Each structure stands twice: as structure tokens, then as C-alpha cells.
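Please read these numbers as outputs of a predicted model, since none were measured by experiment.
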Amino acid sequence: MNILLTGSSGFIGKNVYELLKDKHYVQCLDTSIGKDLADCDLNYDVDVVIHLAGSANVRDSLENPTKYWTNNVQNSKRLFDAFPNTRILYASSSTAAEPWANPYALSKRAMEMVAPAHSLGMRFTTVYGPGGRPDMLIPRIIRNELKYANINFSRDFIHVYDVVSAIEAFMLAPHMTGLADVGTGQSVKVLDIIDHFGLEVDRVQGDTTLERVDNTADITRLTSLCWRPHYNVIKYISENKSVQ
């Protein structure tokens, strides 16, 4: 299969590339290789587009809302328009369920609204694993650098390798369009993680006006493709803390 992969150098993108490069012909598009979705050539003849490029950080979106509208909505619309007859799998977010909460969530919901009918929006939950942003919760716990924790939040943590296998499952299911959650289907309380590892951190109530209290995925559509998650966040933290 001939694939165009945007955001190929990003956290999820580079893992997708590693999985698919020996099975398919993958053409990459990323600002790190001089191909900015805002103005690059989009004259590709491909069977499917996997669109992972964009900006993803709730806190940063509060400071730079225009960047999120440009990268996540306008640039995506340009890509959608360039491939009117090609199946597109694109990265949305569980935050899109509450678009009023922050500019990042709003940009993802707007992206879903301008996506073509034949596309599939993948609403990722909280992704962790090798190559993730170092400022995220799980890496900071592993490095013993966590200063505080939002104890009223629960998160559906999904390993990036499970995300990658989900994307491949969707890619091989051309009938799947619309929206689909990508998570484990089970959430873990941040407080339970803190207690499990005996972490001495400030325990605070998270701002529920900016972020979802619980982002547990409904993985009914995903499991209909015989997909199952294989990684557990507690086990992952335990294994990686032991090598610090």
C-alpha cells in the first residue's frame, strides 16, 4: 500500500513509520524534513493518508491559540482538500468531546467538522511510551521529577505501540469512517498511580474547566476489528523506573 504520513517525525508518527516502512511504501511529510503542511507540495498519488501532524498541548494552546487553529484546522483543511477521493485517517483527541474547555480541544473538534465524509478521526486518549514529550505525567514520574498531581483526574493511558497497532487496524478496515476512540477503554486515577509508587508530591485539585475529569475511551468500534491493548501503564512505569 502507498501511504502518505504527515507528522512522521513526531511522537506517534515516528512509531507508525517504523511499523509500516517494511510493509508498505511510506512517504513522509514533516517540518523537520522541510515539508511544512502549510505550503508544501501535496501532489501525491497514495492509497491512504495518515495525518498526524499538528500541535498538541493543552497548556500551550492557552498561550498560543492562533497556532493551534492554524496547525490543527487550517493546515488540516488544506490536506483534506488536496485528497478529495483518498481515505484519510487523522489524529483527533479525546479532548474534542469538550471543545469549550481549551483552544486545543476546540481546534480538534473543528478539525473533525471540516474532515471529509470518507475519513476517520481517531480520538486518542493519553498516549505514553518511548519518545513521548518529557514534560508529560508518565515521564516525570519515571524520572522522579513530579512536583504535583491533579488527584481528581482519571486518565485512559494508552501506550504508543498500542496506538500504532490501532492505526494499522483502521488502515486495513476501509469501511471504518467518522470518529473512533483510541484508548484502552479503562481509566486509572492519577491519585492511584501516586499512591502505588509512594510518591511524595503536592496533591491538588485539577482545573475541571480546562480539562476533562475522565477521558475513558469507548473502544467498541476499535475492538470490532479484533484489536486489543497489550500494555499496562503501571507495569510500564515500574519497568522503566527500575532502570533509572
statement: On a heavy-atom basis, the closest approach of S61 and Y68 is CA-CE1, 3.4 Å

message: What verdict does the side chain to side chain contact (heavy atoms under 4.5 Å, CB included) test give for R221 and L120, after you've listed the backbone C-alpha separation in whole Å, the side-chain angles of each residue and the deciding distance to 0.1 Å?
response: CA-CA 12 Å; R221 301 195 76 193; L120 177 67; 4.1 Å; yes

field: Side-chain heavy-atom pair I12, I167 within 4.5 angstrom cut-off
entry: yes

query: Okay, side chain of N102, backbone of A105: is any donor-acceptor separation there less than 3.5 Å?
result: yes

field: side chain to side chain contact (heavy atoms under 4.5 Å, CB included) between M176 and L225, intermediate numbers included
entry: CA-CA 10 Å; M176 191 75 72; L225 304 177; 3.7 Å; yes

R87 side chain reached by V49 side chain, heavy atoms, under 4.5 Å: no

task: Could you tell me whether R123 and E112 make a salt bridge, using a distance below 4.0 angstrom between a side-chain N and a carboxylate O?
output: yes

message: Assess the residue pair Y25 and V46 against the criterion (side chain to side chain contact (heavy atoms under 4.5 Å, CB included)); give the C-alpha distance rounded to whole Å, side-chain angles, the decisive distance to 0.1 Å, and a yes or no.
response: CA-CA 9 Å; Y25 178 53; V46 295; over 6 Å; no

- prompt: Has K21 got more than 12 heavy atoms of other residues, nucleotides or ligands less than 6.0 Å from its NZ?
  reply: yes

field: Y44, OH atom: more than 12 neighbouring heavy atoms under 6.0 Å
entry: yes

Any donor-acceptor N/O pair, S119 side chain to A115 backbone, under 3.5 Å: no

- request: Taking D202 for its side chain and Y148 for its backbone only, find out whether a donor-acceptor pair lies under 3.5 Å.
  value: no

Test item: N15 side-chain N/O and V160 main-chain N/O as donor-acceptor pair under 3.5 Å: no

- prompt: So with a 6.0 Å cut-off around CG of D41, is the heavy-atom count from everything else above 12?
  reply: yes

Would you tabulate the side-chain donor-acceptor contacts of residues 50-57 under 3.5 Å, counting partners in other chains and residues two or more places apart, or write 'none'?
| residue | atom | partner | partner atom | Å |
| --- | --- | --- | --- | --- |
| H51 | ND1 | T6 | OG1 | 2.7 |
| H51 | NE2 | S76 | OG | 2.8 |
| S55 | OG | N71 | ND2 | 2.8 |
| N57 | OD1 | R59 | N | 3.0 |
| N57 | OD1 | D60 | N | 3.1 |

field: Distance-only donor-acceptor check, side chains K189 and N152, under 3.5 Å
entry: no

Polar side-chain atom of K67 near backbone of N72 as donor-acceptor pair, under 3.5 Å: no

message: Membership question, hydrophobic clusters at under 4.5 Å side-chain separation (ILVMFWY): are V182 and I88 in the same one?
response: no

field: T86 (side chain) donor-acceptor with F83 (main chain) under 3.5 angstrom
entry: no

- prompt: Side chain of N240, backbone of Y236: donor and acceptor closer than 3.5 Å?
  reply: yes

field: Sole residue of T125, T216, T126 in side chain to side chain donor-acceptor pair (under 3.5 Å) with S187
entry: T216

field: Side-chain heavy-atom pair N64, Y104 within 4.5 angstrom cut-off
entry: no

message: Quick check on Q27: does its CD atom have over 12 non-hydrogen neighbours (other residues, nucleotides or ligands) under 6.0 Å away?
response: yes

- prompt: Got Y128 and L137 here, is their nearest side-chain heavy-atom distance under 4.5 Å?
  reply: no

field: Shortest non-hydrogen contact from S8 toward D30
entry: N-OD2, 3.2 Å

field: Separation of T31 OG1 from N75 CG (nearest 0.5 Å)
entry: 10.5 Å

- line: Smallest heavy-atom separation, L29 atom then C40 atom, equals CD1-SG, 3.6 Å

- prompt: Would the number of heavy atoms belonging to other residues, nucleotides or ligands and lying under 6.0 Å from CE of M1 be above 12?
  reply: yes

query: Can you tell me how far NZ of K108 sits from OG of S94, rounded to the nearest 0.5 angstrom?
result: 11.0 Å

Min side-chain heavy-atom separation H24-N2 under 4.5 Å: no

task: Please round to the nearest 0.5 Å and tell me the distance separating atom CG of L42 and atom CG of L37.
output: 6.0 Å

- line: Closest heavy-atom pair, D135 versus R140, reported as atoms and distance to 0.1 Å, is O-NE, 2.9 Å

message: Please report the interatomic distance CZ(R155) to CG(N150), rounded to the nearest 0.5 Å.
response: 8.0 Å

- prompt: Roughly how far apart are F153 CZ and E211 CD, rounded to 0.5 Å?
  reply: 5.0 Å

message: Classify the ring geometry of Y231 against H159: parallel below 30°, tilted from 30° to 60°, perpendicular beyond 60°.
response: parallel

- request: May I ask you to test the F157-I138 pair for a side-chain heavy-atom distance under 4.5 Å?
  value: yes

- prompt: In Å, rounded to the nearest 0.5 Å, how long is the span from OG1 of T208 to CD of E98?
  reply: 9.0 Å

Side chain to side chain contact (heavy atoms under 4.5 Å, CB included) between F197 and S238, intermediate numbers included: CA-CA 8 Å; F197 291 101; S238 297; 3.4 Å; yes

L222 to F170 - nearest heavy-atom pair and separation: CD1-CZ, 3.5 Å

query: Do the side chain of D156 and the main chain of T184 share a donor and acceptor less than 3.5 angstrom apart?
result: yes

task: Work out which heavy atom in G121 is nearest to a heavy atom in Y90; give both atom names and the distance.
output: CA-CZ, 3.2 Å

